[in-house]
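Positions are given from 1 along the sequence.
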Amino acid sequence: LFRMESSEVLEASLEANTAFISKALHEFLGDHSPILHSVQESLNQSINGYSDKIKSLEADLEQCRNKLGQCKKDLHGTTDTFKVMIAMKNAKIKELERQLEAAVPGIPDAVTDSSSPVGVVQARFTGAHRLMDDDSPMTSKSTKIAGVDWAVKIQRIHADSPSLFVGLIAISPDIPTSWSCSAIVSYHLLSQLNVELRHTRKPSFIVNFGNGMTCIGFPDFVSFKVLFDAKNGYVKDDSIVISIDVSLFPAA
């Protein structure tokens, strides 16, 4: 009986409290309904504003996609243009190489024989990379200048810091021991990639042949570092081209 009375009292208390809270909320909402309405309108405006921003961002995104698509098309077009330009340049390079091959590899081992006291001794030496390990001298075919057979002689010197000796040598077998002459000589290493490029050495004095002196040249004509530098083009197909300008006259 006591528990039943306590339950009835509790239920009555809950009903009273619920009614009180309900009344209080009603009064609160009634008093603040304009504020709530204003807040609701503000929220609605914010939501609408965010919706407009989202639509604007979606429009910007679509523009970006369109621009990206256009950029891809332009890039493909530019790439195709570059491919055409590269192909044209490659064709031009091949044509220049053919011209160089026609100009340089056609250099004979020696110029036409001549009795003139002025001439050019020109020679192509193959197996250039053998010079790295072999210091044996190499001599070209001869060219006749002023009735004497002349040739180009090359040889590796200085194994620790190698360089190339280039000399002009008189090789006529019937030169008398009393023979002699003076000469103005210029030595050239020709580039096989650029016809205008050459490594040149020229003595600052008149050289004299005779009395047992049959070969005169530069011991350190060119270093191997310069000789084998690919950008100079001095070595091509494992060969080098040496040209020597010679002007002979009687010894003083």
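- For F228 and H129, the gap between ring centers is short of 6.0 Å.
- In this structure, the separation between NZ on K225 and OG on S163 is 14.0 Å, given to the nearest 0.5 Å.
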Working for side chain to side chain contact (heavy atoms under 4.5 Å, CB included), residues L168 and V246: CA-CA 9 Å; L168 176 67; V246 183; 3.7 Å; yes
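- The hydrophobic clustering, which links ILVMFWY residues whose side-chain heavy atoms are closer than 4.5 Å, places I145 and I171 apart.
- In this structure, R156 and M132 approach most closely via the heavy-atom pair NH1-O, 2.7 Å.
- Across Q155 and D135, no two heavy atoms sit closer than the pair NE2-O, 2.8 Å.
- When every heavy atom of A146 is checked against every heavy atom of P117, the shortest pair comes out as CB-CA, 3.9 Å.
- Put simply, CD1 on I244 and OG on S186 are 10.0 Å apart, with the number rounded to the nearest 0.5 Å.
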Full working for side chain to side chain contact (heavy atoms under 4.5 Å, CB included) between F209 and S180: CA-CA 5 Å; F209 292 89; S180 65; over 6 Å; no
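- Between the side chains of Q70 and D74, a donor-acceptor pair is found at a separation under 3.5 Å.
- Remark: the backbone N or O of K231 is paired with a side-chain donor or acceptor of D229 at under 3.5 angstrom.
- For the atom pair CD1 of I86 and NZ of K83, the computed distance is 9.0 Å after rounding to the nearest 0.5 Å.
- Between I154 and I240, the closest side-chain pair of non-hydrogen atoms falls below 4.5 Å.
- The shortest side-chain heavy-atom distance between V207 and S182 does not fall under the 4.5 Å cut-off.
- Between E62 and R65 there is a salt bridge, since at least one side-chain N of the basic residue sits less than 4.0 Å from a carboxylate O of the acidic one.
- Both V148 and Y187 are members of a single hydrophobic cluster when ILVMFWY side chains are connected at heavy-atom separations under 4.5 Å.
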Stepwise side chain to side chain contact (heavy atoms under 4.5 Å, CB included) test for K153 and V166: CA-CA 6 Å; K153 179 181 178 180; V166 174; over 6 Å; no
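- H188 places a side-chain heavy atom less than 4.5 Å from the side chain of D245.
- Under the 4.5 Å side-chain contact rule for hydrophobic residues, I169 and I216 do not share a cluster.
- I157 and F224 fall into different hydrophobic clusters, where Ile, Leu, Val, Met, Phe, Trp and Tyr are joined by side-chain heavy atoms under 4.5 Å apart, directly or via other members.
- Scanning both residues, D149 and K144, for their nearest heavy atoms gives OD1-NZ, 3.1 Å.
- Side-chain atoms of I242 and L190, non-hydrogen and from C-beta on, never get closer than 4.5 Å to each other.
- Counting all heavy atoms, side chain and backbone alike, T139 lies closest to A151 at CG2-CB, 3.8 Å.
- Linking ILVMFWY side-chain heavy atoms closer than 4.5 Å, directly or via other members, places L131 and F125 in a single hydrophobic cluster.
- In summary, of the residues considered (L189, L164, L227, N232), a side-chain contact (heavy atoms from CB on, under 4.5 Å) with H199 occurs for L189 alone.
- Side-chain contact between Q192 and R124 is present, with at least one heavy-atom pair separated by less than 4.5 Å.
- Within the 3.5 Å criterion, the main-chain N or O of W150 finds no donor-acceptor partner in the side chain of T143.
- The aromatic rings of F218 and F221 sit tilted, their planes meeting at an angle between 30° and 60°.
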Check against side chain to side chain contact (heavy atoms under 4.5 Å, CB included), Y234 and V226: CA-CA 9 Å; Y234 294 137; V226 173; 4.0 Å; yes
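- The two residues A230 and L193 make their nearest non-hydrogen contact at O-CD1, 3.8 Å.
- Between S136 and R130, the closest side-chain pair of non-hydrogen atoms is not below 4.5 Å.
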